[in-house]
Amino acid sequence: MIQSTLTHLECGMCGATYDAHQLINLCPACARPLLARYDLNRAAQTLTPTALGERVASMWRYAEVLPVQDLGALVDLGEGWTPLLRVPRLAAALGMDQVYVKDESLNPTGSFKARGMAAAINRARELGATALAVPSAGNAAGAMSAYAAAIGLPAHVFMPNDVPACFRAECAALGAEVTLVNGLINDCGVKVREGAAIHGWFDVSTLKEPYRVEGKKTMGYELAEQLNWRLPDLILYPTGGGTGLIGMWKAFDELEQMGLIGSERPRMISVQAAGCAPIVRAFEAGDEHAQLWEGAYTLADGLRVPVAVGDFLILRAVRASGGTALAIDDATMLAATRKLGALSGIFAAPEGGACLAALEHLIDQGAVGRDETVVIFNTGSGAKYAHLFA
Ligand SMILES: *Cc1c(COP(=O)(O)O)cnc(C)c1O
C-alpha cells in the first residue's frame, strides 16, 4: 500500500515545528514558509526505482513524499510526469552535447503551477478548507481555478488589471470569481489577506501555505528518475516566487536521504527578468534576504514577483549549489523564446526563453562545459502569451 509518510511541518527560517494535520499558512512564530517533513526511512521502503516502473504517469507516483493522506479521495487532472526532451538542433546551435528541456507546458492549464495547486488544494480540502483565494499575475490563477473546480471549492482570484486577457478568461471559464486590482501582485495579496480574514478563505499564495512547494518539488524527483538517478550538471530555472527552485533543492535532499542519489548537486541558475530581479540583486550583494523591487515590470508574468517570502531559501539553494542568478531583459527573452521554438518545436512561455538566454550568456562566459548535462525549464505554454508573438 502506498501511503504518504508526512510527519510534521518545520519552519524554513526559525526551525519551529508544527503538527501537519491542520490548515496553516506561514510560521506563526516568524511569518516565513513552513516546509513538510516526512519519514524518509519508511518512504524508501516502497519508493524504489523498480516500484516506480509500475506507477501512474503523473506526479502522484511519488505519493510517499507528498502530503495527501487519503489517496482514494484524491482528485487529479493528470499533472506532472512531463517529458524531459532532448533538443538536438538547439544543442548543436549552442555547441553543447546534452541539452534537455523539461517541458512543463504539457501540464493541465498549460503550466507547472498545476503541480503546486494539485498538492495544495487536495490537501486543503482534506484539512477542511471551504473556499480558496490567490493573488496571481497569470498561471497560478488558472491552475487554482482548475483544481478548485475539479474538487468543488469556491475560488477567488485577484489579478493586476493589466494581466493578459487570456489568463483572466481561463479563470472565468473555470468558474472562479475574478477581481481585477489596480496594482501589482503584492497589492493583490493584500486583497486576498483581507478576504481571508473576513470570509475565511484559505490563502493559497505561493509559499504562504506548505504544500504548493511539495507539488513543485516533484520536478526534482522526475529529473532524477528520467536521467536514471543522476542529476544534471546545470539547471536553469525562471524564478518568480522560487517555489520550484526551492522545491527541487528539497527533493534532491530527500532523494539522497532515501539513498536514490548521491551527494552531487546541479548548479542552480536562478533566472529573472531585468525589470524585476530582486533575487539577482540580493545574490550579487551577498544578502540573505531580497528587498522589494520597486516598479516591477516584465512581459513574463510569472517573473513579475517583486518580493518573495521564500527569498532566503532561493538564495541559500543557489549559493550552496555553486550556481548563480542572472537577469534577462524582455527583448532578449522574447528573441530567445523564438529561437527555442524554431530550433526545438516547443512553443515556450517567455519564462522558458529567459532560461535559454541565460544559458547562452553562461556559455559565452565560458561557465558551462560542452559535455555538461543542462536542463532548461520551460515552465509554461507560449499559447497563453500569443499576443507577444503575433
Ligand atoms: C509562476 C511562474 C514562474 C515562476 O515560478 P516560481 O516557482 O514561483 O518561481 C515561472 N514561469 C511561469 C510560466 C510561471 O507561471
Side-chain angles (χ1 to χ4, degrees), residues 33 79 82 101-117 119-120 134-146 159-160 163-164 166-167 170-171 185-186 188-189 204-209 211-220 235-251 268-273 276-280 290 296 298-311 313-315 317-318 325 328 333 337 340 346-356 358 376-385 388:
E79 53 281 353
T82 56
V101 175
K102 181 73 168 155
D103 193 6
E104 292 293 304
S105 73
L106 295 166
N107 276 297
T109 68
S111 91
F112 67 167
K113 292 292 193 299
R115 296 179 187 262
M117 289 297 181
V134 80
S136 167
N139 284 308
M144 184 193 70
S145 304
M159 297 180 132
V163 73
C166 167
F167 289 112
E170 180 181 33
C171 298
I185 182 130
N186 38 326
C188 298
V204 291
S205 299
T206 191
L207 284 167
K208 291 187 181 168
E209 59 72 50
Y211 301 119
R212 279 175 65 182
V213 68
E214 294 304 292
K216 274 199 179 172
K217 86 178 175 187
T218 58
M219 297 188 293
I235 292 177
L236 295 117
Y237 185 82
T239 309
T243 325
L245 193 152
I246 295 166
M248 285 193 281
W249 194 249
K250 181 174 188 283
M268 305 295 284
I269 313 299
S270 171
V271 182
Q272 296 204 295
C276 181
I279 298 298
V280 176
T298 168
L299 295 169
D301 300 279
L303 304 185
R304 196 146 59 115
V305 182
V307 58
V309 68
D311 53 1
L313 295 170
I314 305 170
L315 288 159
V318 169
I328 304 295
M333 190 185 297
T337 309
L340 176 60
I346 298 165
F347 184 19
E351 291 86 346
C355 291
L356 172 57
I376 291 172
F377 267 85
N378 175 40
T379 45
S381 165
K384 288 194 193 174
Y385 304 77
L388 300 179

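The figures here come from the full heavy-atom set of this structure, side chains too, leaving out hydrogens, waters and symmetry mates. Remember, it's 1-based here, ligands and their atoms both numbered in the order they're listed.
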Return the residue, atom name and 0.1 Å-rounded distance of the protein heavy atom closest to atom 14 (C) of ligand 1. K113 NZ, 2.9 Å
Measure the distance from atom 11 (N) of ligand 1 to every protein heavy atom, then report the residue, atom name and distance (to 0.1 Å) of the closest one.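 Residue, atom and distance for the closest contact: T379 OG1, 2.7 Å.
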Compare G302, A300, G244, G138 and give the one whose heavy atom is closest to atom 4 (C) of ligand 1.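 Considering heavy atoms of G302, A300, G244, G138, the nearest to atom 4 (C) of ligand 1 sits in G302.
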Report yes or no: does [X] have a heavy atom closer than 4.0 Å to ligand 1?
{"X": "F112", "answer": "yes"}
{"X": "G242", "answer": "yes"}
{"X": "E104", "answer": "no"}

Any donor-acceptor pair under 3.5 Å linking the side-chain atoms of S381 with those of S105?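 No, no side-chain donor-acceptor pair sits under 3.5 Å.
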Hey, are T218 and R115 close enough side-chain-wise for a donor-acceptor pair under 3.5 Å? yes
F167 ring center within less than 6.0 Å of Y385 ring center: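 For Y385 and F167, the ring centres are under 6.0 Å apart.
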In plain terms, say whether E170 and K384 are close enough for a salt bridge, that is, a side-chain N and a carboxylate O under 4.0 Å apart.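 Salt bridge flag = yes for K384 with E170.
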May I ask you to check whether S111 has an N/O atom sitting below 3.5 Å from an N/O atom of ligand 1? no
Counting each atom of ligand 1 from 1 as listed, which ones have a heavy atom of T239 under 4.0 Å away? 9 (O)
Any donor and acceptor pair, going by atom type alone, linking the side chain of E79 with main-chain N or O of N107 inside 3.5 Å?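 Side chain of E79 to backbone of N107, a donor-acceptor pair under 3.5 Å: no, none is there.
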